[in-house]
Each structure stands twice: as C-alpha cells, then as structure tokens.
Amino acid sequence: MKIYVVYDSENGHTEALARSVAEGAREVEGAETEIAHVNEADIYKLEGMDAIIWGCPGHFGTISAGLKTWIDRLGYLWAQGKLIGKVGGVFCTTATVHGGLESTLINLITPMLHNGMIIVGLPSDIPENALYGSYYGVGVTCPVELSDDDPKNLPSENDLILGRALGRRVAEVTKRLVASSASR
C-alpha cells in the first residue's frame, strides 16, 4: 500500500503539518509513505500510488499557487483515468482564524473529485476534531510571524494530532480497499 504526501510550504508551517500526516499514515501496518515538497514531487509517481494526500497554505481561501500549478499538470492522468479509485485526503494552514480554511480544503478536494478519487476526511469521533478541526480534512491556523526574528508559529500539538489522525485514517481506508481489490 503506497501513500504519497505532497505539500507546498513557504515558511515551514504546512511542512510541519505534512510531516505529521505522513507520520500518521506510517503508523498503519503495510503503509509505504513518501513525502515530497511540491517542487520535488513527481506527478508520474501518482499512477503507482494507492492514496494521495496533498496540502498547502491557504491564500485568500484557495490553493497556493505552487500546489495549484502542480495539480494543473495532472491533465494526462485525468484524461486516461489513472487516478480513478485512488484514496485522497487534504490539509492546509492559514494565517488567521477566519482565513478560509474550509474553502481551501474544498478547493483541494475538487481536483480529486474530477479525477474520480475517493475522498477521506476526519470523522467526529476524534476529540480534537470536534474542537479544532474540519470534516473535509485538516485545516489549522498558524499566525504569520511579523518579522524573521520572531519564533515560528508552527502548528500546535492538537494540530499535529489531527494531522496524524488524517494520515492514519487515509491509510486505514486505503488498506481496506487494497485488501478488498486483492481478494477479488
């Protein structure tokens, strides 16, 4: 079972969340997890993956330009139906409490739906999700530092718990689907 975590990160906030997502996926037996920044991520690897989780900083309620450019290169995979049936999950960070987390998550899900992917979010039985999360994926607020000398406002431990929960959930659902396909 192969899982690819692709992320865009400008100041380390989204990278920290991406690493927690990959860590959670690795907790599931049989999960081979690869993580890559969008500048190094290889779209040609997606065909061989069972699950794809992508995320980015939200910019004015939508996908960052870096991840959007990468997603826009998936046209040939879409045209050939190469991502149909693969499991997908999403995550994002924003700088303000009402910075468009859920609209960014929905914008991240949309290309997955266009590619026929099976979307996995977070259920309400995760306590941290009820207080800090979203059912569409993981969205967290990390206020922007006002100067380069300020300490990084990285995701909190509750945020990272949600990241690990998303990675684990995507891996668990993927494992069931891969096992079901193998038994046919």
- Message: Are Leu160 and Leu105 linked, directly or through intermediate hydrophobic residues, by side-chain heavy-atom contacts shorter than 4.5 Å (ILVMFWY only)?
- Response: no
Answer yes if Leu83 and Ile53 sit in the same cluster of Ile, Leu, Val, Met, Phe, Trp and Tyr residues linked by side chain heavy atoms under 4.5 Å apart, and no otherwise.
no
- Item | Working for side-chain contact (heavy atoms from CB on, under 4.5 Å), residues His13 and Leu154 | CA-CA 5 Å; His13 305 100; Leu154 294 174; 4.2 Å; yes
Residues Ile3 and Ala25: closest non-hydrogen pair is CD1-CB, 4.0 Å
Determine yes or no for a side-chain-to-main-chain donor-acceptor pair under 3.5 angstrom, with Thr104 supplying the side chain and Gly58 the backbone.
no
>> Hydrophobic clusters here meaning ILVMFWY residues chained together by side-chain heavy-atom distances under 4.5 Å, can you tell me if Met49 and Val5 are in one?
In response: no
Nearest heavy-atom approach of Cys92 to Leu17 is O-CD2, 3.6 Å
Looking at Asp72 and Thr69, would you say the former's side chain and the latter's main chain have a donor-acceptor pair under 3.5 Å? no
Interatomic distance, OG@Ser20 vs CD1@Ile161, rounded to 0.5 Å, equals 10.0 Å
Next on the checklist: With clusters defined by side-chain heavy atoms of hydrophobic residues (ILVMFWY) lying less than 4.5 Å apart, directly or transitively, does Tyr136 cluster with Val120?
Outcome noted: no
task: For atom CD of Glu29, decide whether the heavy atoms of other residues, nucleotides or ligands shown that lie under 6.0 angstrom number more than 12.
output: no
Any chain of hydrophobic side-chain contacts (each under 4.5 Å) joining Ile52 to Ile109?
yes
All heavy atoms of Gly61 vs all of Asn107, minimum pair found to be O-ND2, 3.1 Å
So salt bridge (charged side-chain N to carboxylate O under 4.0 Å, His left out) across residues 1-12, not counting sequence neighbours, yields none
Nearest heavy-atom approach of Gly85 to Ile118 is O-CD1, 3.5 Å
Run the side-chain contact (heavy atoms from CB on, under 4.5 Å) check on Leu77 and Leu46 step by step: do they pass?
CA-CA 9 Å; Leu77 291 169; Leu46 295 180; 4.0 Å; yes
Scanning both residues in full, the closest heavy-atom pair of Ala18 with Phe91 reads CB-CZ, 3.6 Å
| task | Find out whether Leu177 and Asp50 are in side-chain contact, i.e. whether some heavy atom of one side chain is under 4.5 Å from a heavy atom of the other. | result | no
By side chain to side chain contact (heavy atoms under 4.5 Å, CB included), Phe60 pairs with (sequence neighbours left out) none
One should read off an interatomic distance between Ile43 CD1 and Leu74 CG, to the nearest 0.5 angstrom, of 5.5 Å
Can you list, pair by pair, the side-chain donor-acceptor contacts under 3.5 Å of residues 166-173, counting residues two or more places apart and other chains?
residue: Arg168; atom: NH1; partner: Glu27; partner atom: OE1; Å: 2.6
residue: Arg169; atom: NE; partner: Gly121; partner atom: O; Å: 2.7

His37 meets the ring pair (Phe, Tyr, Trp, His ring centres under 6.0 Å) criterion, sequence neighbours left out, with Tyr7
With sequence neighbours left out, the residues meeting salt bridge (Lys or Arg N to Asp or Glu O under 4.0 Å) with Arg164 are Glu23, Glu157
Exercise. With a 4.5 Å limit on heavy-atom distance, are the side chains of His59 and Leu67 in contact?
Worked result: no
* **Parallel, tilted or perpendicular, as decided by the 30° and 60° cut-offs, for the rings of Tyr44 and Tyr76** => tilted
Checking side-chain contact (heavy atoms from CB on, under 4.5 Å) for the pair Lys68/Thr62: CA distance, chi angles, key distance, verdict? CA-CA 9 Å; Lys68 179 69 169 90; Thr62 195; over 6 Å; no
On a heavy-atom basis, the closest approach of Ile35 and Ala22 is CD1-CB, 4.1 Å
So the salt bridge (charged side-chain N to carboxylate O under 4.0 Å, His left out) pairs with at least one residue in residues 82-99 (sequence neighbours excluded) are Glu47-Lys82
